[in-house]
Amino acid sequence: MDKKMEISFVGKRDNNDYYSGWEINDLTGKLNSIYYKNQILFDLNKYVDDGVSLKNIICFTKTLNTGNSYKKYTNGYLSLEDEADIQKMYFLGIPVTYEPNKKIELLKDIFEILRTTYTVFNRNKVDYRPLNREQGIKQLFRILREDRVENSSISQLVKEKLNKLQDLHNPSLVDINKVDNPEDKAKVTQYINDKQSFFSSKNLQKLLKKLDTDYQKNEYTDKEIENQHKNFINLFNKNARPIISIYDDSKNSIKILGIEMFVRQLFSKENTEFLETNKIGQNSPLIIIVSLSVVFLGSIVSAIQEKKEVQRQKLRELNIERNKLGEEKNTVLDNRIQKCEETIEKLQTELVNTNDSYHKFFPKANDVQDDLAINNPNLIEMKNAVTKKYLELDKEVKLNSIEPKKNVN
């Protein structure tokens, strides 16, 4: 959807109360998160409908850092054949796929082992250098790329490589026979003890065992697939700005979605996915005006439909209660029914108005709920979570206007 709209929200506070800077930042942060997630899910919906396998959808454990320019990710693609790209992938967090994917799972195991190794050797009391992450990524990834293990388990190869890499970065601490100073001998002893303690630790052994299991695994049970679904969905819902990508088997690479919304070099008024903050004012009431992709109308419509369904259910319950009374007069109940009906009518008007706004962009298009729907069953739970966040925001600010963004194609 290569169209951009300008929408305004107004605060719902009474008595002309002002908002603090923190409160305004919180409101705009919530709006950004809802907008970003809706756009990501809209893109995912298209990919899945076009045949992308669920096992090739990745969510990284880290959330987007608003202070990071992400200039290294400008083209949006990372090759699993390139060690430099693997390093970039590492700094996005641990990759979690929607369904089990052996290749990504092995990479995830390597990342977990390396991250644990680095953390342990960085928390020491003696002055030695922790494992270099970049070298560690390169060396451990090479073991995976060879795709063969002879006369040993893959975990044993990884363990040996970690040990050698750690020693390479601390040559003066490897051999106690080469030092004379008692203080230096103590450092060497501490270093050797730290290594022995770590490489025999239950934590590392558990990670290495998982690596061996995943390396030999070619099929997954229904329970494993279900658990993977839950892990992915929970991660997406928990992170305010989840990092999502699509893995391409044929190219052995990943495409990061939504880079137009977080790679700073791509920010521009012509970028239809870039959220522009046009105005924030407090001249009673608070007003927030932003420009963003027309795709966001899908989130607005979902929220209106959810509110309508809540009122319809409430009306059904009230009518059941009213029918039990028969001809008996009950003004309070009748007023509640009338108010509920009026609310439903008002929400229907909002829905019509939102669709009218959409048709300003696309006169011959269907309604928003058809064209901008996120309706793939595998994405519904995440979509509902985004709608819930929008409804929470709607309690603080209300949508005021929707207009086409001028001078943007």
Side-chain angles (χ1 to χ4, degrees), residues 60-63 65 67-73 78 80-95 105-215:
F60 290 92
T61 52
K62 288 187 177 180
T63 192
N65 182 348
N68 193 330
S69 67
Y70 291 96
K71 62 181 180 180
K72 293 181 179 180
Y73 303 88
L78 297 176
L80 270 64
E81 302 290 336
D82 185 279
E83 291 170 356
D85 280 358
I86 290 293
Q87 290 177 37
K88 295 176 188 175
M89 187 173 172
Y90 173 85
F91 290 108
L92 295 177
I94 304 299
E105 199 66 26
L106 290 174
L107 192 61
K108 171 185 174 182
D109 292 341
I110 291 295
F111 283 0
E112 291 273 23
I113 290 168
L114 185 60
R115 198 178 299 276
T116 302
T117 306
Y118 183 82
T119 300
V120 168
F121 284 98
N122 199 35
R123 289 178 180 170
N124 56 76
K125 297 178 181 179
V126 295
D127 184 23
Y128 60 82
R129 296 170 62 189
L131 174 68
N132 181 283
R133 282 176 288 189
E134 285 74 14
Q135 283 298 318
I137 292 170
K138 288 181 180 180
Q139 296 296 326
L140 300 188
F141 180 61
R142 284 173 185 170
I143 295 175
L144 285 184
R145 286 186 62 183
E146 289 177 2
D147 200 29
R148 60 186 178 86
V149 178
E150 296 178 358
N151 304 319
S152 180
S153 66
I154 188 172
S155 63
Q156 186 61 33
L157 293 177
V158 168
K159 185 176 177 180
E160 291 171 0
K161 182 65 70 175
L162 284 174
N163 191 39
K164 289 179 181 178
L165 285 169
Q166 193 63 47
D167 286 347
L168 283 173
H169 283 80
N170 296 277
S172 64
L173 297 174
V174 175
D175 192 349
I176 198 169
N177 297 315
K178 292 183 179 181
V179 296
D180 298 319
N181 186 295
E183 187 176 333
D184 290 338
K185 280 183 179 291
K187 288 183 179 181
V188 174
T189 301
Q190 182 67 50
Y191 172 70
I192 293 172
N193 289 340
D194 280 352
K195 279 206 313 175
Q196 289 177 342
S197 176
F198 172 64
F199 284 114
S200 63
S201 69
K202 290 183 179 180
N203 189 21
L204 180 63
Q205 294 305 314
K206 182 179 179 180
L207 292 172
L208 292 172
K209 183 178 180 180
K210 184 176 185 304
L211 176 62
D212 276 334
T213 301
D214 290 339
Y215 189 82

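Within the 4.5 Å cutoff, side-chain heavy atoms of M89 are placed close to those of L107. Inter-residue side-chain proximity for I137 and I110 is flagged as unmet; no heavy-atom pair is nearer than 4.5 Å.
A salt bridge links E105 to K108: one of the charged nitrogens lies within less than 4.0 Å of a carboxylate oxygen. For K164 and D167, the salt-bridge test fails: no basic side-chain N is under 4.0 Å from an acidic carboxylate O.
Nearest approach of K88 to K72, heavy atoms of both residues: NZ-O, 3.5 Å. The two atoms that bring I192 and L173 nearest to each other are CG1-O, 4.3 Å, heavy atoms only. Between D85 and D82, the shortest heavy-atom contact is N-OD1, 2.9 Å. In this structure, D109 and L211 approach most closely via the heavy-atom pair OD2-CA, 3.5 Å.
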Step by step, work out the side-chain contact (heavy atoms from CB on, under 4.5 Å) result for T116 and L204.
CA-CA 8 Å; T116 302; L204 180 63; 5.6 Å; no
Run the side-chain contact (heavy atoms from CB on, under 4.5 Å) check on L162 and L140 step by step: do they pass?
CA-CA 8 Å; L162 284 174; L140 300 188; 3.9 Å; yes
Mind running side-chain contact (heavy atoms from CB on, under 4.5 Å) on K187 and Y191 for me, showing each step along the way?
CA-CA 6 Å; K187 288 183 179 181; Y191 172 70; over 6 Å; no
Should Q156 and E160 be marked as a side chain to side chain donor-acceptor pair (under 3.5 Å) after you check the CA-CA gap, both sets of side-chain angles, and the distance that decides it?
CA-CA 6 Å; Q156 186 61 33; E160 291 171 0; 3.3 Å; yes
Decide yes or no on side-chain contact (heavy atoms from CB on, under 4.5 Å) for R115 and I94, but give the supporting numbers first.
CA-CA 9 Å; R115 198 178 299 276; I94 304 299; 3.6 Å; yes
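In this structure, CG on L106 lies 8.0 Å from OH on Y215, to the nearest 0.5 angstrom. For the atom pair CG of L78 and CD of Q87, the computed distance is 11.5 Å after rounding to the nearest 0.5 Å. With rounding to the nearest 0.5 angstrom, the CG atom of L207 is 11.0 Å from the CG atom of L114. Within the model, atoms CD of Q139 and CG of L157 stand 12.5 Å from one another, a figure rounded to the nearest 0.5 Å. To the nearest 0.5 Å, atom NZ of residue K138 and atom CD of residue E83 are 6.0 Å apart. Atom NE2 of residue H169 and atom CD of residue Q135 lie 6.0 Å apart, to the nearest 0.5 angstrom.
Qualifying ring-ring contact (aromatic ring centres under 6.0 Å, His included) partners for Y70, counting only residues two or more places apart in sequence or in other chains: Y73, F262. In terms of the ring-ring contact (aromatic ring centres under 6.0 Å, His included) criterion, residue partners of F111 (sequence neighbours excluded) are, by chain and number, Y90. Remark: K71 pairs with S69, Q265 by the side-chain contact (heavy atoms from CB on, under 4.5 Å) rule, at least two apart or across chains.
Residue K210 is tested with D214, T213, D212, L208 for a side chain to side chain contact (heavy atoms under 4.5 Å, CB included); the sole match is D214.
Put simply, the side chain of S197 never gets that close to the backbone of N193: no donor and acceptor are under 3.5 Å apart.
When the shell of 6.0 Å around NZ of K62 is examined, it contains more than 12 heavy atoms from other residues, nucleotides or ligands.
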